[in-house]
Amino acid sequence: MTTHQSGAIGSLTGRISQPPATLLHDEVLAPQFAYDSRHMLGHYLHLEKALLLESQRLGVLTAAQTRAIASALDRIAATGLVADPAVNLSDLSFAIEVSVARLLDEPVPVWRVDRSRNDFQACAQLSLGRAQTVQTATEILRCTTAVHDLASRHVDDVMPGYTHLQAAQVISPAFYLGALTEHLLDTADRLLAGYDRSDACPLGAGAMAGQLLPWDRARLARLLGYRSAAPHALASVASRGWLLELAGECSTFGVGMSRFLTDLMAWAGGEHGFVELPDELAAISSAMPQKKNYPILERLRGKSTHALSWYVDVATTQRATPFSNTVEVSKEGSAQLVQQMDGLRSMLRLATVVFDNLVFRVDRLRERCEQEYLGAFSLAAELTLNDGLPWREAQVVTGQYVLAAQRDGRPSSDGDPELLRALAASHGYRADHTAEALDSVLRPQDELARRATSGSAAPAETTALLHRQAVRLKDLTEQWDQRREAPERAARHVDRLLGDDGTHDPQNGSDPV
C-alpha cells in the first residue's frame, strides 16, 4: 500500500504515524477536500470567526490574538487552501488550522481549545444546505410568477378538462394553471417551514456530549444567522433529518411537476395542438420534416425525476446507522446536495422560460370544447332539477342522448330537444324543458360560468384564486428574502466586531444581529 511521506503528520495526531494512503487520498479525501473548499469554505470561515469572538468573550483569547487570527482567516479566504495529506491530512478544518498557525507572527496555543470537528462540520453542512434551499426557493418563486402571469391572461378562455385521459368538463387555462401555481406555492411554503425547523445551530455541541467551557451557544447561533441553538448535543451532530426532509420535499415537488409536464407534452402534440412554444424553444426531427418537437418539455420531465433518487440516496445512507456522528451519514449522505439542488434550479429556470413563452391556442381549445359533449353532467342535472327525473335516470337518459347524437354525427352545439324528450319518455318520464336544458349547456363559456362553488373553474372564482395566490406569492417572496439576508447580515456583523476599534465589549454577549 502506497502512503505519502510523513512530513508534519505528528503535529496533528499522536495516534497514527503515517498520513493517508495514496489510494485513500486520491479516491476519498482529495475529492472531499475539493468539494468542501468550493462549497463550504465561506461557511467554515464564518464559523471560525464567530468562535473567535466567543473565545475572546470567554477570556481564552486576547483582543490582539483574536484580530491576528481573524486577519489570517481573511488571507485564507483570498488565497484558498490545498489538500496535503502529509501536512493537513487533506481535511479542510485541519488545513485552516495549519495555515492560520503558519500565518501568525506568534503561536497561539489556546486557539481551538475545547473544539471538535463534529459540531463544526455539522453546522457548516447545515449552513450550506440552508443557503442552497434559499437559492432554490428563489427559482421556485420566479417560476411561480411566470405561471401566474400566464394564468392571468386566460381567465375567460375555455378548454377541455380531463379525467381518465378523456375530455370531461369545461375549464379554463387559468383554472388549470392555478393548480400548478398552488403546487409551486405549496412547495415554497413547505420549504420555508423546513428551513425554519432547521433554524437551530449545532455549533457548541462538541463531539457529542457538549463542551467543557461555557460557550454561549445562543450567541454563536445569532452570530451565524440562526434563530437559536440546537437543544440537544447528540442530535446536533448525529441527526441529518434536515437533509432527509429537504430531499423528500424536493422529490415530492418533482413528482408533482412531472404530472403537469406530462399534460403539456400531450397538449403540445399534433393530436391536441392546444399549446405551442416559439421556434427557439423547439427542435426538428432529423428524418420527419413535418414535425416540430419540444424536447425541452422532455428534458424538464426527465430533470424532475432526479430528486426522487436523491431522496433514496439520503435515506439509505442514514438508515440503520448508529445515532452518532459518522462519516457515512455526514459526508456520503450529503454528497449529492449541491448537485441535486443545482439540477433542480436548472429545471426551474427552464420551466420559467417555458411558461414565459407558452401560447395557448384558444381557438383550438374552444373548438374542442364545442366538439365534445362536455355539458352532459350539467344536462343531467337540468333534467333532475327542472323535469323531476331521478338523478340516476337523468344520467342514463343523457348518456343515451349523447350516444345517439354522436352516432348521427350531431355536434354538441346542435341540440335536439325532441330526441331528448323522446328518450326521457321511453323511461316513463315527461320532460317539458329539454329545449331550455340543452340551450343552457351548449355554449362552453356558459358551462364554465355555471360552477357555483368556491375553488371552481368559474371565472369569478378563478380570478379570486389568482388574487389570493398573488398575495401569497408576495408574502413568500418577502419571507424568503428575510431568510436570505439573515446569514449575510450575521457575517457582516461578525466582521464588524472583529474589526472593532476596541470599544466593543467582548463580555457583552448580546450582539444584536
Looking at [Y], is its backbone amide N or carbonyl O close enough to the side chain of [X] to form a donor-acceptor pair, meaning the two atoms are under 3.5 Å apart?
X: Ser71; Y: Arg67; answer: no
X: Asn357; Y: Val353; answer: yes
X: Thr144; Y: Ile140; answer: yes
X: Gln125; Y: Ser330; answer: yes
X: Arg227; Y: Asp196; answer: yes
X: Asp91; Y: Ser93; answer: yes
X: Thr317; Y: Val314; answer: yes
X: Arg259; Y: Val255; answer: no

_Please determine whether the number of non-hydrogen atoms from other residues, nucleotides or ligands lying under 6.0 Å from atom OH of Tyr311 exceeds 12._
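Not buried by this count: 12 neighbours or fewer within 6.0 Å.
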
*Got a sec: does the CD of Gln32 have more than 12 other heavy atoms crowding it under 6.0 Å?*
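Counting neighbours around CD of Gln32, more than 12 heavy atoms of other residues, nucleotides or ligands fall under 6.0 Å, so yes.
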
Is [Y] close to [X] at the side-chain level, that is, under 4.5 Å between some pair of heavy atoms?
X: Leu185; Y: Asp189; value: no
X: Arg217; Y: Ser236; value: yes
X: His306; Y: Leu344; value: no
X: Glu97; Y: Asn88; value: no
X: Leu128; Y: Val338; value: yes
X: Leu365; Y: Asp157; value: no
X: Leu277; Y: Leu358; value: yes
X: Leu223; Y: Leu497; value: yes

*Stepwise side chain to side chain contact (heavy atoms under 4.5 Å, CB included) check, Glu54 with Arg219*: CA-CA 8 Å; Glu54 184 61 8; Arg219 184 196 184 204; 3.1 Å; yes

Search all heavy atoms of [X] against all heavy atoms of [Y] and return the closest pair with its distance.
X: Leu297; Y: Ala268; answer: CD1-CB, 4.2 Å
X: Val155; Y: Pro459; answer: CG1-O, 3.6 Å
X: Tyr294; Y: Ala282; answer: CE2-CB, 3.7 Å
X: His272; Y: Ala266; answer: ND1-O, 3.3 Å
X: Val237; Y: Ala207; answer: CG2-O, 3.4 Å
X: Trp480; Y: Ala137; answer: CE2-CB, 3.4 Å

*Pairing residues for Arg361 by the side chain to side chain contact (heavy atoms under 4.5 Å, CB included) criterion, not counting sequence neighbours*: Glu276, Arg364

*Glu461: what forms a side chain to side chain contact (heavy atoms under 4.5 Å, CB included) with it, not counting sequence neighbours?*
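Expected list: Ser454, Ser456, Ala458.
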
Would you say the side chains of [X] and [Y] form a donor-acceptor pair under 3.5 Å?
X: Thr138; Y: Arg484; result: yes
X: Ser378; Y: Glu447; result: yes
X: Ser127; Y: Tyr226; result: yes

*asked:* With side-chain hydrogen bond (donor to acceptor under 3.5 Å, both in side chains) as the test, pick out the partner of Gln132 among Gln340, His39, Arg345.
replied: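 It is Arg345; the other options fail the test.
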
With a 4.0 Å cut-off, would you call [X] and [Y] a salt bridge?
X: Glu298; Y: Arg301; value: no
X: Glu182; Y: Arg472; value: yes
X: Lys474; Y: Glu478; value: yes

*Which residue pairs pass the salt bridge (Lys or Arg N to Asp or Glu O under 4.0 Å) test with at least one member in residues 71-80, sequence neighbours excluded?*
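Every pair satisfying salt bridge (Lys or Arg N to Asp or Glu O under 4.0 Å) with a residue in residues 71-80: Lys49-Asp74.
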
To the nearest 0.5 Å, how far apart are [atom1] in [X] and [atom2] in [Y]?
X: His148; Y: His467; atom1: NE2; atom2: NE2; value: 9.5 Å
X: Leu476; Y: Gln469; atom1: CG; atom2: CD; value: 11.5 Å
X: Arg222; Y: Cys201; atom1: CZ; atom2: SG; value: 11.5 Å
X: Leu47; Y: Leu220; atom1: CG; atom2: CG; value: 8.5 Å
X: Cys123; Y: Asn118; atom1: SG; atom2: CG; value: 13.0 Å
X: Ser304; Y: Phe260; atom1: OG; atom2: CZ; value: 12.0 Å

Could you pull out all donor-acceptor pairs under 3.5 Å where a side-chain atom in residues 158-180 meets a protein atom, sequence neighbours excluded?
residue : atom : partner : partner atom : Å
Ser172  : OG   : Phe175  : N            : 3.0
Tyr176  : OH   : Asp263  : OD2          : 2.5

_Show, in sequence, the C-alpha distance, side-chain angles and deciding distance for Lys303 and Met257, and conclude whether the side chain to side chain contact (heavy atoms under 4.5 Å, CB included) test is met._
CA-CA 10 Å; Lys303 285 177 176 291; Met257 283 297 291; over 6 Å; no

*Taking the inter-plane angle between the rings of His183 and Phe253 on a 0 to 90° scale, is it parallel (under 30°), tilted (30 to 60°) or perpendicular (over 60°)?*
parallel

*asked:* Is there a side chain to side chain contact (heavy atoms under 4.5 Å, CB included) between Asp199 and Arg130? Walk through the geometry before answering.
replied: CA-CA 9 Å; Asp199 204 4; Arg130 284 160 62 82; 2.8 Å; yes

*Show the numbers, then the answer: is there a side chain to side chain contact (heavy atoms under 4.5 Å, CB included) between Leu51 and Leu203?*
CA-CA 9 Å; Leu51 288 165; Leu203 198 62; 3.9 Å; yes

*Run through Ile96, Val494, Ile76 and flag the one making a side-chain contact (heavy atoms from CB on, under 4.5 Å) with Glu48.*
Ile96

*Test ring-ring contact (aromatic ring centres under 6.0 Å, His included) applied to Phe33 - qualifying residues, sequence neighbours left out*: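 So Phe33 forms no ring-ring contact (aromatic ring centres under 6.0 Å, His included) with any residue.
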
Name each donor-acceptor pair under 3.5 Å that joins a side chain in residues 243-252 to protein atoms two or more places apart or in another chain, with its distance.
residue : atom : partner : partner atom : Å
Glu245  : OE2  : Arg197  : NE           : 3.2
Glu245  : OE2  : Arg197  : NH2          : 2.0
Glu249  : OE1  : Arg190  : NE           : 2.9
Glu249  : OE2  : Arg190  : NE           : 3.0
Glu249  : OE2  : Arg190  : NH2          : 3.2
Thr252  : OG1  : Gly248  : O            : 3.0

*Let me see the working for Asp363 and Arg366 under salt bridge (Lys or Arg N to Asp or Glu O under 4.0 Å), right down to the final yes or no.*
CA-CA 5 Å; Asp363 291 344; Arg366 186 183 302 108; 3.2 Å; yes

